[in-house]
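Note sheet for the following structure.
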Amino acid sequence: ITASPATVLADGSFTTTLTVTAKDASGNLISGATVTLSADGTGNTFASVSGTTDANGVFTTTLDSTAIQNETIQAVIGGTVDETVQVSFLAPVDHWTSSSSGDWTTVGDWNYGVPNPIEAAAIDATGTYTVTISTAVSIAELTTIATATLDITTGTLTLTGSATGHLAGAVTNGGTITVQNGTLELDSNIVTNTNGTVSVGSGAIFDLNGATVSGGTIIDNGTVDVTGTARLAGVIIKGATSGTGIIDNTGTLTLGSGG
């Protein structure tokens, strides 16, 4: 049994195609073999949960889910042969929908409610506004547009995903931004660390692509990557607590007063 694609959005409309091929011990294709499918997760909808293989020994169906999960799909062929395949259902991107300023925890300002720790969030509603984080927030990924300001007043923002987060708007950080695994790119924006900290995990990348970072502390356990023209002003950079912290300057890095 195969699943294509093996990673699907969990919104009930995106599907993965499950293909079951029946063969005998000699590798010959078996037509007319019964196939029964099951899954160990929840929120699943099979187009057909059972059927028989065609003249080419193949049975095909689709599967969608509304649950965010990694699950195992099982195919029982001819009542005895047991085959499995893994499918991951991922959260769709949760978009900020308000064109006015507001608090991150306001349920009605997101199209899927407040983003949970395995979701990707996008602050991309049209307008000029500020989204304030004053509590502990943990999400997989985050992107912002240039006209949206992210204000982390007394809270924390932790990015846990392995993909790239992209902040195009201004950031005011009085708390802690933690990049655990992937890359957080600051694209030509301004980060003001008012006694704030940016913590870069081992293997993670904090990419200053034309950004200005002023004040606060960068704790570098991974890589601070300068790909454009970046400026650090009044920033304390602390080395790795373990392993090697790297400043990879492939662009132009300017150290301002106190930097």
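Since the structure is predicted, the reported quantities are computational estimates derived from the model, not experimental observations.
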Does the side-chain contact (heavy atoms from CB on, under 4.5 Å) test come out yes or no for Val171 and Thr144, once each step is laid out? CA-CA 10 Å; Val171 179; Thr144 68; 5.9 Å; no
Go through the structure and list residues passing side chain to side chain contact (heavy atoms under 4.5 Å, CB included) with [X], not counting sequence neighbours.
{"X": "Thr156", "value": "Ala136, Thr176"}
{"X": "Ala148", "value": "Ile123, Tyr129, Ile145"}
{"X": "Thr16", "value": "Ala3, Pro5, Val8, Leu18, Leu63, Val87"}
{"X": "Ala75", "value": "Ile1, Val20, Leu37"}

Between [X] and [Y], is there a donor-acceptor pair closer than 3.5 Å when you use the side chain of the first and the backbone of the second?
{"X": "Ser48", "Y": "Thr61", "result": "no"}
{"X": "Ser134", "Y": "Thr154", "result": "no"}
{"X": "Ser101", "Y": "Thr130", "result": "yes"}
{"X": "Ser50", "Y": "Val35", "result": "no"}
{"X": "Thr223", "Y": "Asp225", "result": "no"}
{"X": "Trp104", "Y": "Val114", "result": "no"}

Just to verify, what does [X] make a side-chain hydrogen bond (donor to acceptor under 3.5 Å, both in side chains) with, not counting sequence neighbours?
{"X": "Thr126", "result": "none"}
{"X": "Asp64", "result": "none"}
{"X": "Thr105", "result": "Asp103"}

Start with the C-alpha distance between Ile177 and Leu184, add both sets of side-chain angles, then the distance that settles side-chain contact (heavy atoms from CB on, under 4.5 Å), and finish with yes or no. CA-CA 10 Å; Ile177 299 174; Leu184 176 60; 4.1 Å; yes
For residues 24-31, which side-chain N or O atoms pair as donor and acceptor with protein atoms under 3.5 Å away, sequence neighbours left out?
residue	atom	partner	partner atom	Å
Asp24	OD1	Ser26	N	2.9
Asp24	OD1	Gly27	N	3.0
Asp24	OD1	Asn28	N	2.8
Asp24	OD2	Asn28	ND2	3.2

[atom1]-[atom2] distance between [X] and [Y], expressed to the nearest 0.5 angstrom:
{"X": "Ser99", "Y": "Asp109", "atom1": "OG", "atom2": "CG", "result": "9.5 Å"}
{"X": "Lys238", "Y": "Thr217", "atom1": "NZ", "atom2": "OG1", "result": "5.5 Å"}
{"X": "Thr42", "Y": "Phe89", "atom1": "OG1", "atom2": "CZ", "result": "10.0 Å"}
{"X": "Phe59", "Y": "Thr19", "atom1": "CZ", "atom2": "OG1", "result": "10.0 Å"}
{"X": "Asp151", "Y": "Thr172", "atom1": "CG", "atom2": "OG1", "result": "5.0 Å"}
{"X": "Leu142", "Y": "Ile133", "atom1": "CG", "atom2": "CD1", "result": "7.0 Å"}

Show your working on side-chain contact (heavy atoms from CB on, under 4.5 Å) between Val198 and Ile219 and close with a plain yes or no. CA-CA 6 Å; Val198 177; Ile219 300 175; over 6 Å; no
Tell me whether Phe206 is reachable from Ile237 by hopping between hydrophobic residues (I, L, V, M, F, W, Y) whose side-chain heavy atoms are closer than 4.5 Å. yes
Please say yes or no: joined through hydrophobic side-chain contacts below 4.5 Å, possibly via intermediate residues, are Ile205 and Leu167 part of one cluster? no
Dump the intermediate steps for side-chain contact (heavy atoms from CB on, under 4.5 Å) on Val200 and Asn221, then the final yes or no. CA-CA 5 Å; Val200 184; Asn221 291 308; 5.7 Å; no
Any side-chain heavy-atom pair from [X] and [Y] closer than 4.5 angstrom?
{"X": "Leu157", "Y": "Ile139", "answer": "yes"}
{"X": "Thr2", "Y": "Val85", "answer": "no"}
{"X": "Thr34", "Y": "Thr52", "answer": "yes"}

Ignoring hydrogens, what is the shortest heavy-atom contact between [X] and [Y]? Give both atom names and the distance.
{"X": "Ala122", "Y": "Trp110", "value": "O-CZ3, 4.1 Å"}
{"X": "Ala22", "Y": "Ile77", "value": "CB-CG2, 3.8 Å"}
{"X": "Val93", "Y": "Tyr112", "value": "O-CE1, 3.5 Å"}
{"X": "Ala230", "Y": "Val226", "value": "CB-CG1, 3.8 Å"}
{"X": "Ala10", "Y": "Ala67", "value": "CB-O, 3.3 Å"}

Only pairs at least two apart or in different chains count here, so list each side-chain hydrogen bond (donor to acceptor under 3.5 Å, both in side chains) that has a residue in residues 73-97. Ser38-Gln74, Asn70-Ser88, Thr72-Gln86, Gln74-Asp82, His95-Asp124
